[in-house]
Number of protein chains: 2
Amino acid sequence: MERTRVIDTDELLSIRAAELYYEENKTQDEIGTLLRLTRWKVGRLLAQAKASGFIRIEIVHPRARRLSVERRLREATGLTDAIVVSSAGVAGDEELQSRTAQAAADYLTGLRPVPRTLGISWGRTLHEVALHLKQGWAHGVNVVQINGGVSLNRRAGTAAATAVNIAHKAAGAATLLPSPAILERLETKQAIESDRAVAAVLNLATAASAYLFSAGQADEFSALVDSGYLTAEQVAELVRKGAVGDIVGRYIDSNGNIVDPELDGRTVGIQLEQLRQAKTAIAVIAGTSKHAIARAIVGSGLCTVLVTDEDTALAILGDEA
Amino acid sequence: MERTRVIDTDELLSIRAAELYYEENKTQDEIGTLLRLTRWKVGRLLAQAKASGFIRIEIVHPRARRLSVERRLREATGLTDAIVVSSAGVAGDEELQSRTAQAAADYLTGLRPVPRTLGISWGRTLHEVALHLKQGWAHGVNVVQINGGVSLNRRAGTAAATAVNIAHKAAGAATLLPSPAILERLETKQAIESDRAVAAVLNLATAASAYLFSAGQADEFSALVDSGYLTAEQVAELVRKGAVGDIVGRYIDSNGNIVDPELDGRTVGIQLEQLRQAKTAIAVIAGTSKHAIARAIVGSGLCTVLVTDEDTALAILGDEA
DNA sequence: CGCCCGGTTGCTCAGATGAGCAAGATTTCA
DNA sequence: TGAAATCTTGCTCATCTGAGCAACCGGGCG
């Protein structure tokens with residue numbers, strides 16, 4: 001900290017002017033009289049104060065977005081769209097996730113063209129997005145799961161419920177993927193994928209007109225560990241190999257590459273290439289623990305649209321301060 | 001927390017409008033086109049957003065003051081003047097004290113009429129005020145100490161140095177009060193007060209045209225404990241009797257009354273009545289631990305001017321939130 | 001069925017503000 | 001020192017914005 005920085009007279013004046021302008025809402029003219037300056041000088045001081053960052057304007061509201069950050073994200077990453085919710089005055093990660101989910105629901109509702117088929121993953125975040133969607137948010141959107149996980153999930157049915165909920169609220173049908181997320185043996189996985197019922201769903205998923213998914217961090221709190229697909233040790237091993245998190249059940253490193261091809265081979269769901277080639281792939285990611293995976297996803301083109309919180313967005317932009 | 005509060009359409013619109021206005025700085029007209037509203041509606045939405053408190057404007061600068069809080073303080077307490085420094089983006093109490101001391105120095109520099117004799121107390125805060133004063137801040141201001149404490153002070157001379165420093169920078173003379181702050185026996189105190197040298201200083205102090213002083217909290221970290229005048233146990237006992245802190249060495253309760261008349265009788269310095277009757281009595285008080293004593297001082301008319309930090313000011317106003 | 005009333009909308013108009021320009025002040029460098 | 005270069009100042013003018021007003025809308029009530 002530079003304790004002894006020189007503060008020149010104009011800087012002080014600009015602060016006095018700002019106080020009178022923003023706190024006392026006097027006109028620049030009145031301030032001019034008070035400080036014995038012309039009103040033009042006051043205007044310039046004010047502009048200077050803004051430019052130096054002494055004036056901070058925050059919009060404090062759960063639905064507030066950070067348009068300037070969104071713009072920077074779009075420009076820096078080539079995303080089609082970026083939605084960044086403000087974290088001003090937020091207590092914890094939970095509130096942040098809720099706000100982000102709300103924003104994702106809003107985005108989905110306003111999405112044009114309306115997707116005929118929407119491929120979705122499952123998890124806490126997606127579940128919350130479903131909750132925030134309003135009845136009738138669209139008409140005739142069919143929903144299809146893009147990765148396995150229904151049966152083994154501890155709170156059985158959350159994954160299915162998410163898909164059904166989203167479809168129902170859009171007066172469409174839900175198609176579930178009746179398969180575990182990860183199988184123990186490659187042969188089992190190949191067998192299940194060749195099953196007509198499963199193959200049909202995967203084909204539908206591959207042909208979806210838009211995707212909506214979240215991502216998980218790579219640690220012992222991951223949903224895949226929680227659901228019993230992986231042990232904490234297995235995840236720790238993946239981390240050693242460079243994993244930063246998972247997306248549709250597949251663990252990737254910071255460059256967006258599959259970390260463990262063998263494991264990946266046993267994972268049921270669409271391929272990452274599908275997401276990379278999709279015209280609309282919406283990633284919804286919030287919370288401090290997901291900065292790394294968010295960065296990896298955006299950096300490697302796994303989504304075209306990112307819905308996230310301000311801190312995650314700034315982490316992606318490399319703006320730690 | 002009300003999670004399910006209804007957010008009406010206008011509220012959401014006003015947030016969108018605010019984002020475009022403050023973050024993207026578009027004109028109200030442009031926003032109107034974007035949101036399919038007339039520019040008047042946009043203006044009203046913006047006004048509504050401000051009125052609802054969704055727009056927060058902060059001036060982030062070490063020298064920034066909170067004029068609105070100052071005004072409220074003046075109105076609520078009848079103070080002649082109130083100076084409140086912003087605590088926006090402040091790390092710890094130390095930074096807060098430094099800012100407040102700076103503000104006190106500024107106030108003193110601008111004080112009119114310039115006092116011929118300035119009565120001051122001593123302590124960490126006053127020392128820092130002295131440091132922040134600029135060479136030549138006034139011409140011919142004489143400084144006189146208003147309470148004892150020179151000799152016993154651990155870092156001997158700080159108290160004296162403060163007075164000398166302030167006087168020197170104003171091309172004036174310093175008069176020191178050559179006495180301990182508190183004496184062990186009443187007789188000793190009476191003896192020392194009747195000594196010609198001491199009596200003369202006290203007379204001068206009583207006749208000062210303005211006073212500048214700080215205050216101490218009542219706990220084991222008090223400067224009087226630190227200097228060896230009182231033990232931690234004695235202070236604890238004072239607290240039991242209702243003490244919230246000390247001012248010019250005298251402990252008062254939340255109503256501004258002397259807590260322990262016996263102890264007070266052994267304390268050397270001007271009487272609190274002197275401060276109450278003074279035309280200009282400037283109190284400089286900063287930090288979370290001093291909220292109670294600040295409140296007591298202001299509430300009981302012990303100062304005409306208060307220089308403090310935002311949190312302390314809000315505590316005095318009863319605005320915890 | 002018509003009327004009244006609170007609330008909202010679009011507008012006029014005056015005051016507030018920012019962009020751009022030319023004159024004046026200050027610094028820099030030969 | 002002198003002159004060029006740069007910065008600062010005060011100004012004009014066009015635009016932006018808020019106050020206040022009249023018209024309008026929707027619903028309750030006689």
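In what follows, chains carry the letters A, B, and so on, assigned in the order in which the sequence lines appear, proteins first and then strands, with residues in each chain numbered from 1. The analysis underlying the following values was restricted to heavy atoms, covering all of them including side chains, and did not include hydrogens, waters or symmetry mates.
Mapping A:Gln28 and B:Thr38 onto DNA chain C via the closest heavy atom, the residue that lands nearer the 5' end is B:Thr38.
Remark: C1' of D:dT15 and NZ of B:Lys26 are 17 Å apart, rounded to the nearest angstrom. Here the P atom of nucleotide D:dT17 and the CG atom of B:Leu20 are 13 Å apart, to the nearest Å. Atom pair B:Leu35:CG and C:dT9:P shows a separation of 14 Å (rounding to whole Å applied). The nearest whole Å value for the distance from the NZ atom in B:Lys41 to the C1' atom in D:dA19 is 17 Å. Protein atom CZ of A:Arg39 is 11 Å distant from nucleotide atom C1' of D:dC13, rounded to whole Å. Atom CG in B:Leu37 sits roughly 16 Å away from atom C1' in D:dT17 (whole-Å rounding). Separating the CG atom of B:Asn25 from the C1' atom of C:dT17 is a distance of 14 Å, rounded to the nearest angstrom. Taking atom CG of residue B:Asp29 and atom C1' of nucleotide D:dA14, one finds them 14 Å apart after rounding to whole Å.
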Each nucleotide in nucleotides 20-25 of chain C should get exactly one letter: B, S or -. Can you fill that in based on protein heavy atoms under 4.0 Å?
B-----
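For the salt bridge (Lys or Arg N to Asp or Glu O under 4.0 Å) condition, no pair includes a residue of residues 298-307 of chain A, sequence neighbours left out. Identified under the side-chain hydrogen bond (donor to acceptor under 3.5 Å, both in side chains) test for residues 30-44 of chain B, with sequence neighbours left out: B:Asp10-B:Lys41. Among residue pairs with one or both ends in residues 100-110 of chain B, those qualifying as salt bridge (Lys or Arg N to Asp or Glu O under 4.0 Å) are B:Arg63-B:Asp106; sequence neighbours excluded.
Closest heavy-atom contact between A:Ile166 and A:Ala130: CG1-CB, 3.6 Å.
At least one side-chain nitrogen or oxygen of B:Tyr21 sits closer than 4.0 Å to the OP1 or OP2 atom of D:dT17.
Between B:Glu19 and A:Arg65, no side-chain nitrogen of the basic residue sits less than 4.0 Å from a carboxylate oxygen of the acidic one, so the salt-bridge criterion is not met. A salt bridge does not link B:Glu70 with B:Arg66: every distance from a Lys NZ or Arg NE/NH1/NH2 to an Asp or Glu carboxylate oxygen is 4.0 Å or more.
Residues satisfying the salt bridge (Lys or Arg N to Asp or Glu O under 4.0 Å) test with B:Arg72, not counting sequence neighbours, are B:Asp319.
Comparing the local axis fitted to the first five base pairs of the helix from C:dC1-D:dG30 to C:dA30-D:dT1 with the one fitted to its last five gives a bend of 10°, rounded to 10°.
By the 6.0 Å contact criterion, NE2 on B:His132 is enclosed, its count of non-hydrogen atoms from other residues, nucleotides or ligands being greater than 12.
Using modelled atom types and a 3.5 Å distance limit, the side chains of B:Asn165 and B:Thr162 yield no donor-acceptor pair.
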